[in-house]
Amino acid sequence: MSVQRKVKDTAQEETRRVQNLARDAVQSKAWLYPIKGIYYFLSHRSLQRPLQSKLLPAITMGIGIFASMFFFTYLPQAALLAIFNGPVAALNAALLVLSESSTIFMVSAKAFLIEDSLVDTFDGTLVSKGQTELLASQRQVKAGGDPIARLGKLVTKPFQRFMPSAIIRYLMYLPLNFIPVVGTVIFIILQGKKSGPMAHARYFQLKKMSNSQREQYVEKRRGAYTSFGVVANLFEMIPVVGVFFAFTNATGAALWAADHETQDTTAPALREQSQNAKEL
């Protein structure tokens, strides 16, 4: 009975934790920033320049990876999933190959093709939102011109986006897809939980946060970062055009960072005004 009670208590505690995470994720509205990033990116033509020079090679790379993955891996995986998933195996196998292909594509593209362009997009968005002071210690910012034209030489090299641990984590979570429907949902959520904070790697660098400071900062906003990561990953899973969403996600992440800075700046002033009002 003691063991059963412990199992029950653990299950209830985990359920509450998941419920709290889901509530925080929804209430934070961080999941809206990838969507805001699409609108902002499309409405500010200067932010599109870093993508334009990389678009053709990225699309070519994407078509090659997706076509090869479906040709060589779809049928074997569909046959294996049929053992566990039954009638929905074909759909789950397609989703799985899409996820695998998009992961290979995005890791390869970010590591070898678009990393610097994504940094320019993130920084350019910060400039367009008036956050030049945030960039000042890490990058030269020129006067006048559009946000991308104002970006000068990098003072420090941005964090590397290619992380072997991300691939290892992905492979560890992959067996979840054997669970029909629910397993795929859990897989996407876990991927979002890990990738969400990575979207702000550049922001953490600009803020000069240590590893422990970054971990504390993310933990306080775990639901928000998970929701951002889930939506951003879903966009980047779209075949071939996922590279476009990598840029809009960078824009959305920068918009979120700019809002963090605005809130951090205005909150003390609002508290002071409130305190003065009480004293009066």
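Quick caveat, the model's predicted, so the values are computed rather than measured.
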In terms of side-chain geometry, is the basic nitrogen of Arg139 or Asp120 positioned less than 4.0 Å from the acidic oxygen of its partner?
yes
Treat each ILVMFWY residue as a node, draw an edge where side-chain heavy atoms are under 4.5 Å apart, and state whether Leu42 and Leu32 are in one component.
yes
Spell out, yes or no, whether Val155 and Val127 are grouped together once hydrophobic residues are joined by side-chain heavy atoms under 4.5 Å, including indirect joins.
no
Distance in Å, Met69 CE paired with Thr103 OG1, rounded so as to fall on 0.5 Å steps
9.0 Å
Salt bridge check: are Asp146 and Arg45 linked by an N-O gap of less than 4.0 Å?
no
Taking the side chain as C-beta and beyond, is there a heavy-atom pair between Glu261 and Lys207 under 4.5 Å?
yes
Check step by step if side chain to side chain contact (heavy atoms under 4.5 Å, CB included) holds for Met106 and Met237.
CA-CA 9 Å; Met106 295 311 302; Met237 281 177 62; over 6 Å; no
Side chain to side chain contact (heavy atoms under 4.5 Å, CB included) between Ser195 and Glu236, intermediate numbers included
CA-CA 12 Å; Ser195 66; Glu236 292 186 10; over 6 Å; no
Is Ile104 linked to Ile63 within one hydrophobic cluster, defined over Ile, Leu, Val, Met, Phe, Trp and Tyr using a side-chain heavy-atom separation of less than 4.5 Å?
yes
ILVMFWY network linking Ile59 to Ile114, side-chain heavy atoms under 4.5 angstrom
yes
First locate atom CG of Leu55, then atom CG of Leu113, and finally report the distance between them rounded to the nearest 0.5 Å.
10.0 Å
Those residues at least two apart in sequence (or on a different chain) that pass side-chain hydrogen bond (donor to acceptor under 3.5 Å, both in side chains) with Gln48 are none
Ignoring hydrogens and geometry, is there a side-chain-to-backbone donor-acceptor pair from Arg150 to Ala143 under 3.5 Å?
no
Single-linkage hydrophobic cluster, 4.5 Å side-chain cutoff, Met61 and Ile238 together:
yes
Please determine whether side chain to side chain contact (heavy atoms under 4.5 Å, CB included) holds for the pair Thr125 and Tyr40, giving the CA-CA distance in whole Å, both sets of side-chain angles, and the decisive distance to 0.1 Å.
CA-CA 9 Å; Thr125 303; Tyr40 199 86; 4.0 Å; yes
Here the gap from Asn211 atom CG to Arg214 atom CZ, rounded to the nearest 0.5 Å, amounts to 4.5 Å
Looking only at non-hydrogen atoms, find the nearest pair between Val141 and Leu135 and report the distance.
CG2-CB, 4.0 Å
Parallel, tilted or perpendicular: ring planes of Tyr203 versus His200, cut at 30 and 60 degrees:
tilted
What one should report as the nearest heavy-atom pair of Leu47 and Thr251 is CD1-CG2, 4.4 Å
Least distance between heavy atoms, Ala111 atom then Glu115 atom:
O-OE1, 4.1 Å
Roughly how far apart are Ile65 CD1 and Glu100 CD, rounded to 0.5 Å?
12.5 Å
State, yes or no, whether a side-chain contact exists between Tyr217 and Pro197 at a heavy-atom distance under 4.5 Å.
no
Ala30 and Ala224: which non-hydrogen atoms are nearest, and at how many Å?
CB-O, 3.3 Å
Before we go on, tell me: are the rings of Phe244 and Phe41 under 6.0 Å apart, centre to centre?
yes
Using side-chain hydrogen bond (donor to acceptor under 3.5 Å, both in side chains) as the criterion, list what pairs up with Ser43, not counting sequence neighbours.
none
More than 12 non-hydrogen atoms from neighbouring residues, nucleotides or ligands closer than 6.0 Å to NZ on Lys36, yes or no?
yes
Do Phe245 and Leu234 have side chains that approach each other closer than 4.5 Å (heavy atoms only, starting at C-beta)?
no
Kindly write out the residues that satisfy side-chain hydrogen bond (donor to acceptor under 3.5 Å, both in side chains) with Gln52, not counting sequence neighbours, or none if the list is empty.
none
Heavy-atom closest contact (Ser128 atom, Pro147 atom, distance)
CB-CG, 3.6 Å
Distance check, rounded to the nearest 0.5 Å: Leu206 atom CG versus Phe122 atom CZ?
6.5 Å
Go through the steps to decide whether Arg202 and Gln205 satisfy the test side chain to side chain contact (heavy atoms under 4.5 Å, CB included), and finish with yes or no.
CA-CA 5 Å; Arg202 175 63 171 162; Gln205 182 184 40; 2.8 Å; yes
Between CD of Gln77 and CG of Leu81, what distance do you get to the nearest 0.5 Å?
7.0 Å
Does a side-chain heavy-atom distance below 4.5 Å link Lys208 with Gln138?
yes
Looking at Trp31, Tyr33, Trp256, which one forms a ring pair (Phe, Tyr, Trp, His ring centres under 6.0 Å) with Phe228?
Trp256
Please determine which of Asp123, Leu126, Val119 meets the side chain to side chain contact (heavy atoms under 4.5 Å, CB included) test together with Leu151.
Asp123
Work out which heavy atom in Ile148 is nearest to a heavy atom in Gly124; give both atom names and the distance.
CD1-CA, 4.0 Å
4.5 Å side-chain heavy-atom contact, Phe66 and Val97
no
